[in-house]
Amino acid sequence: MPTADRSRAQLKERVDYWAARLRTQPRVVRVQHMTTKWGSCSVKGVVTLALDLAKQPAGFQNFVIAHELLHLRVPNHGRLFRALMTAHVPDWRVHEERRRVRVRT
């Protein structure tokens with residue numbers, strides 16, 4: 001079982017990869033215990049991810065991270081946001097329901 005520090009490091013590495021790919025740069029990346037969301041993005045550029053996201057499948061991790069990072073470019077879930085999600089994470093709709101319904105693991 002991965003330690004909390006290892007899980008944080010793995011998620012932050014994945015954020016670095018996706019930030020470069022999406023040409024975004026969060027001001028701060030936080031990985032912490034969250035019970036109702038997998039992630040969030042503030043208007044100040046702070047991306048917060050749930051610590052237990054590290055226990056989820058890689059495809060879902062990519063989806064959540066790309067989703068939050070894209071909010072640095074597009075603050076809503078409108079047509080442009082959905083188009084960018086499709087361009088960068090083509091199967092994002094498969095993961096959307098899991099993101100909406102946060103299940104404690």
Side-chain angles (χ1 to χ4, degrees):
M1 180 192 289
T3 66
D5 288 340
R6 180 124 172 94
S7 294
R8 282 185 179 88
Q10 288 173 338
L11 288 171
K12 287 182 177 185
E13 284 177 21
R14 199 174 286 266
V15 169
D16 290 344
Y17 167 80
W18 278 99
R21 184 171 171 181
L22 299 173
R23 297 186 181 113
T24 62
Q25 189 57 54
R27 279 190 49 239
V28 176
V29 177
R30 293 183 182 143
V31 180
Q32 63 190 35
H33 177 72
M34 299 174 79
T35 59
T36 60
K37 297 180 180 182
W38 289 109
S40 67
C41 179
S42 78
V43 294
K44 294 183 178 183
V46 177
V47 171
T48 305
L49 300 172
L51 180 59
D52 58 341
L53 179 61
K55 297 177 186 175
Q56 300 300 312
F60 184 69
Q61 291 178 35
N62 290 336
F63 161 75
V64 171
I65 291 168
H67 179 106
E68 299 309 337
L69 290 173
L70 281 174
H71 278 309
L72 296 173
R73 295 175 60 189
V74 182
N76 57 53
H77 293 118
R79 184 176 288 177
L80 176 59
F81 181 86
R82 291 188 311 268
L84 288 170
M85 283 298 293
T86 299
H88 294 286
V89 187
D91 64 344
W92 69 272
R93 286 180 175 88
V94 172
H95 303 291
E96 179 66 14
E97 188 61 30
R98 179 185 277 183
R99 183 192 66 85
R100 287 181 190 216
V101 181
R102 173 73 156 95
V103 178
R104 296 180 85 172
T105 56

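The figures that follow rest on heavy atoms only: side chains count, while hydrogens, waters and symmetry mates do not. In this text the structure is predicted, and so the values were computed from the model without any measurement.
- Residue V15 is grouped with residue Y17 when hydrophobic side chains (ILVMFWY) are merged at heavy-atom distances under 4.5 angstrom, including chains of intermediate members.
- Between the CE atom of M85 and the CG atom of D91 there is a distance of 9.0 Å, given to the nearest 0.5 Å.
- No donor-acceptor pair under 3.5 Å is formed between the side chain of R73 and the backbone N or O of L84.
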- Task: With ring-ring contact (aromatic ring centres under 6.0 Å, His included) as the test, would you mind laying out the steps for F63 and W38 before giving the verdict?
- Result: CA-CA 10 Å; F63 161 75; W38 289 109; over 10 Å; no

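- The CH2 atom of W18 sits 8.5 Å away from atom CG of L70, with the distance rounded to the nearest 0.5 Å.
- Checked by atom type and distance alone, the side chain of R30 never pairs as donor or acceptor with a backbone atom of V46 at under 3.5 Å.
- Both L72 and F81 belong to a common hydrophobic cluster when Ile, Leu, Val, Met, Phe, Trp and Tyr are linked at side-chain heavy-atom distances under 4.5 angstrom.
- Each of H77, H95, H88 was checked for a side chain to side chain donor-acceptor pair (under 3.5 Å) with H67, and the lone residue meeting it is H77.
- Residues satisfying the side chain to side chain donor-acceptor pair (under 3.5 Å) test with R8, not counting sequence neighbours, are none.
- Remark: side-chain polar atoms of Q25 are not paired, donor with acceptor, to backbone N or O of A19 under 3.5 angstrom.
- With contacts defined as side-chain heavy-atom distances shorter than 4.5 Å, the pair S7/V31 does not qualify.
- Side chains of V89 and N62 form no contact here, defined as non-hydrogen atoms less than 4.5 Å apart.
- Of the residues L51, D52, L53, the one that meets the side chain to side chain contact (heavy atoms under 4.5 Å, CB included) test with L49 is L53.
- Taking OG1 from T48 and CD from E68, the interatomic distance works out to 8.5 Å, rounded to the nearest 0.5 Å.
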